[in-house]
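Read through the structure below, which is laid out as structure tokens, and then see the notes.
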Amino acid sequence: MGSISARRLAKEYKELNSDECPVGIKLLQADDFETWIIAIEVLGETLYKDEKFALKFRFDPQYPISSPAVQFVVDEKYQAPLHPHVYSNGHICASILGEGWSPVLSVPAVCVTLQSMLASCKKKERPEGNDRYVRFAPDNPKKTKFMYDDDTV
Amino acid sequence: MDTAALLKSVSDPSDFPDEKSAPGLRSLDHALRCNICGEFFDGPVTLPCGHGFCSLCIREHMRQESNCPMCRVAAPESSLRKNIAMEEAIAAWTSARPLVLRLVSDEKKSITEREANPSTTPSNAVNGKKRKWSSEGTFTTQEAGPSKVQKEKPAGDSRKNSGQSPKSPIRVDERDDEVEMVNTSDIEEADAVDPVVNCPMCAKSVLESRINPHIDSGCKIFLASKGQNVNNWLKIFPGRAKGKEKQTDDTSNDVEPDRLPKASYGVLKEKKLREMLQEHKLPTTGDKATLIARHQRWIMIYNANLDRAAKQRKTNNELRADLARWEETRSFKKDQVSDGVAYQEAHKNEFNQMIKDARKRLVKKETPEKSRSTTTHAAPSTSGPSNVVAGGDDDNVADSQDES
């Protein structure tokens, strides 16, 4: 049987490897149901034309009730896109990854949303306070979001 | 858990071909699945907005937010209503699914075969013929029904005329209109399974299953007795039957068990908690947090179980086994921080030390942003770094919400 989160992820795995996978999204690595790496590119005439990025998804056993931890991969091969919602360490400030998460969302849905976030960008720049944030940011971007939520409620 | 095995074991709408080659099948399979777990609805419930989920899935979601995950319209847990029609549709679809999958793959094979040698069109022709045959079959049985009924009516009329005849089977006076109506509809209803035959003695139409009692009675009894007719009516209108049964014998089977109320754990003493667990024959080991979590989970799975149809419901013992399994998986990730405030409390000293260190560092640097450093940067939980990102973050979130 397997847990709900593993079964649900197995279905998403199938979708990402099927003809239903959205364009510009490709599953690079999914050895288990804890961490996935997904390649993402933005198609069409955008500021990120011909750029390739990688997203890292981390799932906990409560997925999909709890959101996955999603960030851009920053290593020798990949960089985080220059975008007002993306910190240079790859952390993303998007409502759907935090308080806007809904259990009906999925890995492909998150990828598509981030694609459109990049596609609609008008000016390539880092978010305000990037350096400060990156210096002290926790490893898991979900924690940042949590603090923020906690602060404003 | 073996990934490959799991991938094989999960079923999915994509088991069916795409919309072009098999219109509707994928979307049908998708429509009967919960958008949270991706499985067929287990104890389907509907929210006020009309969206539906598994009872347990939506209850888990509602522990965090009381809204619909699809449209975010507010919906308290008390507003959940079970969806019986959906559950029946799923039961039917899950039993039909393997056959449909087989037919679909057969169809695919025959298409590729036909494409390979287009001169022969074998399987499709056979299929077409079969369908015709079966439809003819049902057509004739449908014809049989009304015609037989009509045959009986004039017979009854003639009986009225020649009431004295020894062969005239039924005491005409006793048959009021209602009973006659019951009889005719009885024939129609029974037709599907019970063919009508002509009695060799009186040549009247009689249901095959009744022919022996009919002959034994000297061709007096045609159909069921009045009492049986009432029962047949009740078969057609089960609602009334239920009501009647409830009046006569109030058996425990019909009584819908009550849902368990939620408890306000904050005001409960540990002893009371243990009593509450004992009441449901649940283990009473562990600290207060464990007891609360266990009781909460029990209420959730117990109430979700009631949203299943009575036949599909698990027994309390099965639920207890589920609860034990859930606790096992839960204890795995005990080192994760679930309660930020408690964590902060427990590690207060460490945090204070870090705050001190951070302050010292800042003083040395003499940064202009001194005011921001009142709380810690390095603390891994709650309020700390929020100060750091709050400013920029605020705008960002507003932006991203606009987009989505």
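Being a predicted model, the structure only gives us computed values, none of them experimental. Throughout, a chain's letter reflects where its sequence line sits, starting with A, and its residues are numbered from 1.
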### Message
Do Asp18(B) and Ser21(B) pair up side chain to side chain, a donor and an acceptor below 3.5 Å, judged on atom types alone?
### Response
yes
### Message
If you count every heavy atom of other residues, nucleotides or ligands that lies below 6.0 Å from Lys124(A) atom NZ, does the total exceed 12?
### Response
yes
### Task
May I ask you to name which of Cys68(B), Ser14(B), Cys37(B) has the most heavy-atom pairs under 4.5 Å with chain A?
Cys37(B)
#### Entry: Centroid-centroid under 6.0 Å between Tyr63(A) and Trp36(A) rings
no
### Message
Tell me whether Lys49(A) is salt-bridged to Glu45(A), with the criterion being a basic N under 4.0 Å from an acidic carboxylate O.
### Response
yes
### Task
Identify whether the distance between the nearest side-chain nitrogen and carboxylate oxygen of Arg97(B) and Asp29(B) falls below 4.0 Å.
yes
### Region of Cys57(B) in contact with chain A, defined by heavy-atom distances below 4.5 Å
backbone
### Task
Select one option (side chain, backbone, both, neither) describing which atoms of Arg72(B) are under 4.5 Å from chain A's heavy atoms.
side chain
### Query
Quick one: of Ala10(A), Ser5(A), Ser18(A), who has the most non-hydrogen atom pairs under 4.5 Å with chain B?
Ala10(A)
### Query
Where on Asn67(B) is there a heavy atom nearer than 4.5 Å to chain A: the side chain, the backbone, both, or neither?
neither
### Query
Between Pro48(B) and Val73(B), is any pair of side-chain heavy atoms under 4.5 Å apart?
no
### Query
Side chain, backbone, both or neither: which part of Asp139(A) has a non-hydrogen atom closer than 4.5 Å to chain B?
neither
### Query
What option among Glu65(B), Glu60(B), Glu39(B) has the most heavy-atom pairs under 4.5 Å with chain A?
Glu39(B)
### Message
Among Asn130(A), Asp31(A), Asp19(A), which residue has the highest count of heavy-atom pairs closer than 4.5 Å to chain B?
### Response
Asp19(A)
